Amino acid sequence: MAKRDFYEVLGVNKSASKDEIKSAYRKLAKKYHPDINKEPGAEEKFKEVQEAYDILYDDKKRQMYDQFGMAAFEQGASTGGAGNPFSGAGFSGQGFGDVDLGDIFSSFFGGGRSRRQDFGPQRGDDTLQRIRVQFMDAVLGKKVLVPVSYDEKCSKCNGTGAKDANSLKTCTNCSGKGYIRTQQRTLFGVMEGQSVCPTCGGRGKIVVDKCPECDGKGYKHIKRDMEVNIPAGINAGQQILVRGKGERGRNGGENGDLYLEIVIIPHEFFKRDGNDIHIDVPISFIDAALGKKIDVPTVYGMAEVEIPAGTQPNQILRLKGRGIKDMRKGTPGDEYIHVIVKTPTKLSKEQKELLQKYQSLEKKENSFFEKFKASFRH
């Protein structure tokens, strides 16, 4: 289940000072503390408030949260949406999209509650965009350019769509409420309800003279390449939070956020398992038999490794601390070397003679095949 935005949990804006964060935390902690509040769900709310405070009051954690969202504090997220911030239909966070079942019953049985809050400024929906990242860029981190498309509030009219303050008038059809009362005659009698004002579209205001900068829309559509910091150690399926680049808000509300989900392009040789790296390393059967020091590729460059004498095919050697550094803790994983023993398919005359000499020196009863064959005798 997706976590709520921590600023929203504490009820503070994104520019809140540490004193404001502490004050909000104390108020909510007192309200929901399990020793004081015995209502169902109070303990979970208290834990949520505590987690939000732990992140936002710590300057370093807050900076990471503002830049990467919960991806900075989650490790090993799998492709397919673990930690996905979207839920419900159309990313709206409601199982029935914009449909409010309470209002349906309210309209049938008369009267009902006001939905004025729904006609005021509303935050836009969050959006998801997947980006492909090179394997080594995900390991080491890198700034990359990502094409993004979003609606930005017009700076000239501040999103009103009006030329100036005098060009914005209160809607006379709804008296600035944004909605109108409706009546419908049914089998049950006259039923009352409410709907979006068709004159002002729910804004409560009418634009008399349009803003010349945005032609009355109140926003501009932006397409650009945005520089995004790919943090070192990020894994496939994890997400980077970009604030304010999601869907446009309604009625002057702020934009939602953009979540960039990481898709990692596979490497030709390295394979990742959590923070560990696996690699197949071919060696000759002579080096496997006699042992040898070799240079093996790692994600941080070459490292010298000693192949022990008598190394067997598919034997695995470990290079401690040569894996990927954990994005949160900074501690590295390990690299595992899978030894692939290669047998030559072409031999020179001299090589063949030397191997034949070795073969003649080996006692028949000590050969691997003879020992294997003997194990089947009864």
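Every value quoted in this text rests on a predicted model; they were computed, and no experiment measured them. All residue numbers in this chain count up from 1 along the given sequence.
Counted by atom type alone, Gln63 and Asp59 present zero donor-acceptor pairs between their side chains at under 3.5 Å. Between the side chains of Arg62 and Tyr7, a donor-acceptor pair is found at a separation under 3.5 Å. With hydrogens and angles left out, the side-chain atoms of Tyr32 and Glu39 include no donor and acceptor closer than 3.5 Å. Ser17 and Asp19 share no donor-acceptor pair across their side chains, judged by distance under 3.5 Å alone.
Pairing each heavy atom of Val299 with each of Met136, the nearest pair is O-CE, 3.2 Å.
With hydrogens and angles ignored, the 3.5 Å screen pairs a side-chain donor or acceptor of Arg272 with a backbone N or O of Gly274. Of the possible donor and acceptor atoms, one in the side chain of Tyr300 sits under 3.5 Å from a partner among the backbone N and O of Gly323. Side chain of Asn229 to main chain of Pro231: no donor-acceptor pair is present (N/O by atom type, distance under 3.5 Å, no hydrogens or angles). A donor-acceptor pair under 3.5 Å links the side-chain atoms of Asp334 to the main chain of Gly321, judged by distance alone. Proximity of a side-chain donor or acceptor of Asp276 to a complementary backbone N or O of Glu335 within less than 3.5 Å is not detected. A donor-acceptor pair is defined here as one N or O able to donate and one able to accept, closer than 3.5 Å; such a pair exists between the side chain of Asn255 and the backbone of Asp151. Checked by atom type and distance alone, the side chain of Gln239 never pairs as donor or acceptor with a backbone atom of Gly237 at under 3.5 Å. In this structure, Arg248 contributes its side chain and His221 its backbone to no donor-acceptor pair below 3.5 Å. Judged purely by atom type and a 3.5 angstrom limit, Asp126 uses its side chain to pair as donor or acceptor with the backbone of Asp257. In this structure, Gln129 contributes its side chain and Pro147 its backbone to a donor-acceptor pair below 3.5 Å.
Relative orientation of the Tyr336 and His278 rings is parallel, given thresholds of 30° and 60° on the angle between their planes. The aromatic rings of His267 and Phe270 are tilted relative to each other, their planes meeting at an angle between 30° and 60°.
Here the side chains of Pro198 and Ile180 are in contact, with some heavy-atom distance below 4.5 Å. With a 4.5 Å cut-off on side-chain heavy atoms, Ile283 and Lys292 do not count as touching. Contact annotation: the side chain of Lys45 never approaches that of Leu28 to less than 4.5 Å [non-hydrogen atoms, C-beta and beyond].
Between Phe6 and Tyr65, the gap from one ring centroid to the other is short of 6.0 Å.
A salt bridge links Asp5 with Arg243; the closest basic N to acidic carboxylate O contact falls under 4.0 Å. Between Lys342 and Asp287, no side-chain nitrogen of the basic residue sits less than 4.0 Å from a carboxylate oxygen of the acidic one, so the salt-bridge criterion is not met.
Summarising the local packing, CZ of Phe269 is surrounded by 12 or fewer heavy atoms from other residues, nucleotides or ligands at distances under 6.0 Å. Open room surrounds NZ on Lys30; 12 or fewer heavy atoms of other groups in view lie less than 6.0 Å from it. Within 6.0 Å of the CD atom in Glu350, the count of heavy atoms belonging to other residues, nucleotides or ligands does not exceed 12. Residue-environment remark: NZ (Lys14) exceeds the threshold of 12 foreign heavy atoms within 6.0 Å.
Evaluated for a side-chain hydrogen bond (donor to acceptor under 3.5 Å, both in side chains) with Tyr150, the options Lys220, Arg224, Lys223 yield exactly one hit, Arg224.
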